[in-house]
Amino acid sequence: QEAIDRVDRSHARGGQERDRVHHNDGGYARREDPQGTEWNGRWVGHRPQAVEGREVDEEDGARGLKGLEVRAQALPNEGGARKPSSMKPVKAAMVDQTEVNQSEFSDERIQKTKEQLIAELTKEDAPAGFSGLNGKALVLNKNDFPTMAEVAAAIPAHCKVLDTKKSMAYFFMSTGIVLAMGLAANAFVPVKAAFLPFWLAYAAVCGTAAFGFWLMGHECGHFAFSNNLALQDAVGFFSHTMCLTPYFSWQRSHAVHHSKVNHMYEGESHVPKETGDGYAHYMRELRFYCGKLVHGLFSMWVVSTGWVLYLMFGASGGPAYGLTNHFWPKGVFKTKLFPKKWHAKVIASGAAVIGVVAALAYWAKCTSFATVAAVYGGPWAIMNAWLGIVTLLHHTDVDVPHLEGEEWNYIRGAFLTIDRPYYKIVDWVQHHIGSTHVLHHINPRVPHYHAQEATEAIKKAFPDLYLHDPTPVHVALWRVVTNCISVKKVTNPTGSRQWVYDDPTLPSVKKNNRVF
């Protein structure tokens with residue numbers, strides 16, 4: 001019923017936009033003939049005469065019954081078609097030009113319409129291929145998305161309540177896990193070549209847990225930890241500084257990331273490059289001359305180490321902010337990402353990180369560089385790798401578009417975030433950040449211990465919009481690093497203009513030398 005109501009609202013909101021005629025210079029081409037209408041070579045049927053007692057404009061005619069049915073249906077990832085009892089008769093434009101009938105939406109009819117819509121997607125719609133989402137995100141347009149108030153109402157009220165004691169318990173849990181492993185390894189395991197397998201395993205396990213420790217600071221940065229602001233900032237500052245992340249600098253840039261998520265030009269972090277941009281062009285050349293395996297391994301290394309490059313130079317940041325530095329917001333690094341009122345906090349955060357580096361240097365002087373590298377450096381490197389990988393997989397896949405201009409809004413950008421099936425122990429120790437990230441972008445003030453329940457509420461209320469890719473994480477990661485190189489602008493089946501990942505096997509013409 002909610003989907004049908006959204007049909008009525010979207011028709012009311014979209015009237016003026018549907019009156020526009022777009023052409024090849026950035027829109028979609030349209031031609032008409034006596035038998036019907038064709039968009040970009042796709043046959044879409046005859047023109048109806050009326051919908052619900054009003055005259056039908058050109059775009060209504062092009063869509064016909066299919067367009068109205070698509071808006072009324074749910075597109076869940078795993079079945080879940082609506083029951084007939086939950087639907088009511090809806091007037092729809094029929095293919096026959098002389099007749100407008102009422103039609104009852106049945107399970108079979110809704111499912112058939114969904115399958116037809118997905119089946120119409122071609123390589124032109126997703127040049128880099130399809131993920132486990134099967135192009136679900138590509139067939140939506142902005143009128144399919146609810147208002148912020150509607151989404152907020154779907155989240156249970158108690159999920160938005162902060163519990164300081166519970167937050168502190170999780171903070172002590174994450175701190176304790178990492179600290180116990182570090183102290184035990186330092187006390188009982190020699191730093192010798194013969195013990196290298198142990199130290200590699202220790203780095204992997206401790207680093208995975210350390211990302212959970214870092215995420216406690218992430219929770220604080222979103223004001224989702226406690227109503228005691230002083231305690232919240234103290235915990236966040238400690239957590240991130242011990243991980244060599246400048247807390248207040250990150251808090252500011254991450255807020256921008258959330259406010260413009262999935263925006264092609266104003267987004268911050270993991271913003272894709274256009275085909276022909278310097279870095280994207282060089283990566284295409286690497287794949288062409290060295291092969292998919294070499295390109296994929298290099299891309300994996302970039303993602304795993306890229307967090308430091310982001311903090312130092314703004315690598316993968318949005319083009320709206322230019323060269324940035326999370327330690328020093330002045331001189332060549334002066335940017336609107338860090339307004340003047342943030343400068344003192346940015347510098348203080350950077351100074352604290354430098355203090356930790358100095359303490360590590362003193363520890364190395366008292367013991368050895370190898371000891372510090374093994375006990376602290378290994379887990380720190382793995383934590384950085386998790387940070388880069390998880391964030392990449394939240395916001396990147398072959399068939400998830402990026403938007404700009406009037407096509408983008410906050411809610412649509414948030415719903416284009418992807419949840420994934422992380423391994424259970426990893427998901428637990430990392431506070432479900434990878435499996436509840438859609439909810440996190442919809443409302444970042446929901447604490448992690450309520451995130452799973454709130455995610456289920458979002459999934460139930462908006463099954464046609466919620467994105468969960470069932471592909472195993474390691475498989476999805478390889479698909480993303482090998483195929484998501486750069487984007488190009490296309491028109492989706494509903495006429496929405498969006499940026500999608502381009503065919504990674506095609507060469508490109510270099511437009512510039514930009515690396516970051």
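Hydrogens, waters and symmetry mates play no part in the numbers below; they use all other heavy atoms, side chains included. Nothing here was measured: the structure is a model prediction, and the numbers come from that model.
For residues 338-363, the set of pairs meeting the salt bridge (charged side-chain N to carboxylate O under 4.0 Å, His left out) definition, not counting sequence neighbours, is empty. Note on residues 244-262: pairs passing salt bridge (charged side-chain N to carboxylate O under 4.0 Å, His left out), not counting sequence neighbours, are K260-E266. Sorted by first then second residue, the ring-ring contact (aromatic ring centres under 6.0 Å, His included) pairs that include residues 397-419, not counting sequence neighbours, are H263-W408, F415-F462. Counting only residues at least two apart or in different chains, salt bridge (charged side-chain N to carboxylate O under 4.0 Å, His left out) contacts with residues 424-447 are absent.
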Using residues 200-207 as the side-chain source, report each donor-acceptor pair under 3.5 Å to any protein atom, sequence neighbours left out, with the distance given to one decimal.
residue	atom	partner	partner atom	Å
Y202	OH	V375	O	2.8

Show me, pair by pair, the donor-acceptor contacts under 3.5 angstrom made by side chains of residues 303-311, not counting sequence neighbours?
residue	atom	partner	partner atom	Å
S304	OG	M300	O	2.8
T305	OG1	W301	O	2.8
Y310	OH	S253	OG	3.4
Y310	OH	E268	OE2	2.7

Enumerate, atom names and distances included, each donor-acceptor pair closer than 3.5 Å involving a side-chain atom of residues 210-217, sequence neighbours excluded.
residue	atom	partner	partner atom	Å
W214	NE1	T245	OG1	3.1

Got a list of side-chain donor-acceptor pairs under 3.5 Å for residues 328-338, not counting sequence neighbours?
residue	atom	partner	partner atom	Å
T335	OG1	Y321	O	2.8
T335	OG1	L337	N	3.2

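In this structure, D163 has no salt bridge (Lys or Arg N to Asp or Glu O under 4.0 Å) partners at least two apart in sequence or on a different chain. Residues meeting the salt bridge (Lys or Arg N to Asp or Glu O under 4.0 Å) test with K511, sequence neighbours left out: E274. With sequence neighbours excluded, the residues satisfying side chain to side chain donor-acceptor pair (under 3.5 Å) with T208 are W386. The ring-ring contact (aromatic ring centres under 6.0 Å, His included) search around H257 returns H254, H395, H441, not counting sequence neighbours.
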